[in-house]
Amino acid sequence: KASFMKIISQDGDEVAQDLRRKLEDVQDKIGELRPKVEELRNQKDEEQVKQQDQNNTVRSWSEHLKTVKILLNKRASSEKTLQKLKDELAEFELTAKKEKSVMKGEIQKGVRLSLQAMAQHGKANEGYIRHSQEKVRLLVKSSNVKAAHQRAQGELQDAKDSFSGLERDAVAANEAFKKAKNTLEAKKAKAEEKYPLDDEEGNPLPLKVKVEALDFETAEDVEAAMEDCQQRADVIVDNPEIVRTYERKIQEQKLLEEKLDDAKNFRASKIADIEQKRAPWQSSLQNSIALIDSKFSAYMAEMGNTGGVSLDTGTPDSDGNPANFEKWGIKISVSFRENTKAQVLSARVQSGGERSVSTIMYLMALQDMMVSPFRAVDEINQGLDESNERGVFKRIVQNSCGVPKKGPLDHNGQYFLITPKLLPNLYDMEE
């Protein structure tokens, strides 16, 4: 501490000596500038005297000029004298102008030198003031540093004493924590050995669920709960019937679990059988739908539209098994406009005429897949414009009057079209 204060004192003395030296230099410079300032002032006075003489000379020449002008007026005949006087006057004016310009420059130079000297003097004074202020600030700062150092030494000692006490408390607390932790782990192991929370397969037992459901925040809460449980256990009366009922319920639960396992196995076996039978059946169904789709697409294309038929198997369940067959169905997609994606046939999307065209084309595609003695449709042409009605009638005639397939039971059957009106010049059925 004494060394630190000695260093600070030496630094303050060196700064003070440096400031004194700088102040003496400034005062010496001011002493050197004062004779120059006096000299410049004397020069200024002399220039003012010269200026006064010049002004007197100018006034004298002005009076002389007036006299000359009077003489010129009186002696108009003396042209030679007048011209001479004019030349003298011009020469005088030129000389006066030159002298006036020289005097003006000298005066400006003197004034400029005076101003420069005054500015240097002002700067010297400002430097002196700044150095004085810096000296005072350093002295004040030195005093503050000494006081702050003393306070810091005291606070450091207090902090050391406080840290030593805290360190001892921390060591004691750590030892107590380790001891409590070891005791708690031993009690926990003993409790889990006597009352396990998980079975041999790692599945949680009912006791674990109840323990996790407990909402205790402090040791006092746990002790209060333990006392409450002990009181309830003390009032329990030994009842053998309750024990037998409990054991019987356990046996019933085991039987139900066995039945549940059997039911799951039976279900899995049936699902496997269904899957084994479903694969070839679904493949055959897909082939039939592919044929219907091919004919339906061709029939729609003949009328300038697009369409397709596909199998909708629904959404699989959470286990990944296919949906029930009751959720399966046929999905018909159609489009009646160019560059438009086909959409599922629906009353919300297609008009009545578009749905009628789609339906009859689908029936025509189905006609080739099954044998029927006759078919009848009622007013299928209602709601159709002329172009669609002619296209639909042509397709009905072609499907009904075509060459039958080979085989004793293969035939096209009869087709009854019931309608209150027909367009003229329809497709010729006789062909």
Side-chain angles (χ1 to χ4, degrees), residues 281-314 325 327-431:
W281 171 80
Q282 184 174 352
S283 176
S284 176
L285 180 61
Q286 291 281 19
N287 294 334
S288 299
I289 292 175
L291 293 176
I292 296 173
D293 175 65
S294 175
K295 292 182 178 295
F296 179 75
S297 300
Y299 295 164
M300 292 291 288
E302 289 177 357
M303 301 186 67
N305 308 317
T306 59
V309 179
S310 60
L311 176 64
D312 185 6
T313 59
F325 295 122
K327 297 181 180 180
W328 288 30
I330 297 295
K331 183 169 65 177
I332 302 174
S333 302
V334 294
S335 174
F336 291 85
R337 296 165 186 82
E338 294 183 0
N339 302 324
T340 302
K341 185 178 179 181
Q343 294 180 312
V344 178
L345 188 63
S346 170
R348 294 189 301 272
V349 179
Q350 289 83 15
S351 64
E354 292 172 345
R355 294 198 303 275
S356 296
V357 171
S358 303
T359 301
I360 193 62
M361 293 299 107
Y362 177 67
L363 293 175
M364 292 297 101
L366 283 176
Q367 183 173 323
D368 292 339
M369 303 297 297
M370 62 185 68
V371 176
S372 179
F374 69 92
R375 295 178 176 87
V377 292
D378 182 26
E379 297 185 1
I380 193 64
N381 59 339
Q382 295 302 305
L384 301 180
D385 56 19
E386 181 178 347
S387 176
N388 284 331
E389 186 175 353
R390 291 185 182 277
V392 168
F393 188 80
K394 180 179 178 180
R395 172 46 50 198
I396 292 174
V397 171
Q398 289 178 342
N399 278 34
S400 301
C401 300
V403 178
K405 299 178 182 179
K406 296 181 179 180
L409 299 178
D410 292 337
H411 59 86
N412 292 330
Q414 303 178 76
Y415 209 101
F416 296 93
L417 177 60
I418 304 170
T419 179
K421 67 179 183 64
L422 284 175
L423 293 174
N425 301 320
L426 291 173
Y427 187 77
D428 192 359
M429 291 184 292
E430 298 299 330
E431 296 182 358

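Reckoned from all heavy atoms, side chains included, excluding hydrogens, waters and symmetry mates.
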Report all side-chain donor-acceptor pairs from residues 333-341 shorter than 3.5 Å, counting only partners two or more places apart or in another chain.
unit_1: Ser335; atom_1: OG; unit_2: Arg337; atom_2: O; d: 3.2
unit_1: Ser335; atom_1: OG; unit_2: Thr340; atom_2: O; d: 3.0
unit_1: Thr340; atom_1: OG1; unit_2: Glu338; atom_2: O; d: 3.2

Taking only distance into account, with no hydrogens and no angle test, what donor-acceptor pairs under 3.5 Å do side-chain atoms of residues 284-292 form with protein atoms, sequence neighbours excluded?
unit_1: Asn287; atom_1: ND2; unit_2: Ser283; atom_2: O; d: 3.2
unit_1: Ser288; atom_1: OG; unit_2: Ser284; atom_2: O; d: 3.3

Residues 356-365 side chain polar contacts: donor-acceptor under 3.5 Å, at least two apart:
unit_1: Ser356; atom_1: OG; unit_2: Gly352; atom_2: O; d: 3.0
unit_1: Ser358; atom_1: OG; unit_2: Glu354; atom_2: O; d: 2.9
unit_1: Thr359; atom_1: OG1; unit_2: Arg355; atom_2: O; d: 2.7

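To the nearest 0.5 Å, atoms CZ (Arg390) and CG (Asp385) are separated by 11.0 Å. Separating the CD1 atom in Ile330 from the CG atom in Leu311 is a distance of 5.5 Å, to the nearest 0.5 Å.
Annotation: side chain to side chain donor-acceptor pair (under 3.5 Å) contacts of Thr419 (sequence neighbours excluded): Asn381. In this view, Gln282 and Arg278 satisfy the side chain to side chain donor-acceptor pair (under 3.5 Å) rule, not counting sequence neighbours. Listed by chain and residue number, nothing satisfies the side chain to side chain donor-acceptor pair (under 3.5 Å) test with Asn305 (two or more places apart in sequence, or in another chain).
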Practice item. Decide yes or no on side chain to side chain contact (heavy atoms under 4.5 Å, CB included) for Phe393 and Leu423, but give the supporting numbers first. Key: CA-CA 10 Å; Phe393 188 80; Leu423 293 174; over 6 Å; no

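In this structure, Trp328 contributes its side chain and Thr313 its backbone to a donor-acceptor pair below 3.5 Å.
Counting only residues at least two apart or in different chains, salt bridge (charged side-chain N to carboxylate O under 4.0 Å, His left out) contacts with residues 281-303 comprise Lys295-Asp368, Glu302-Arg395.
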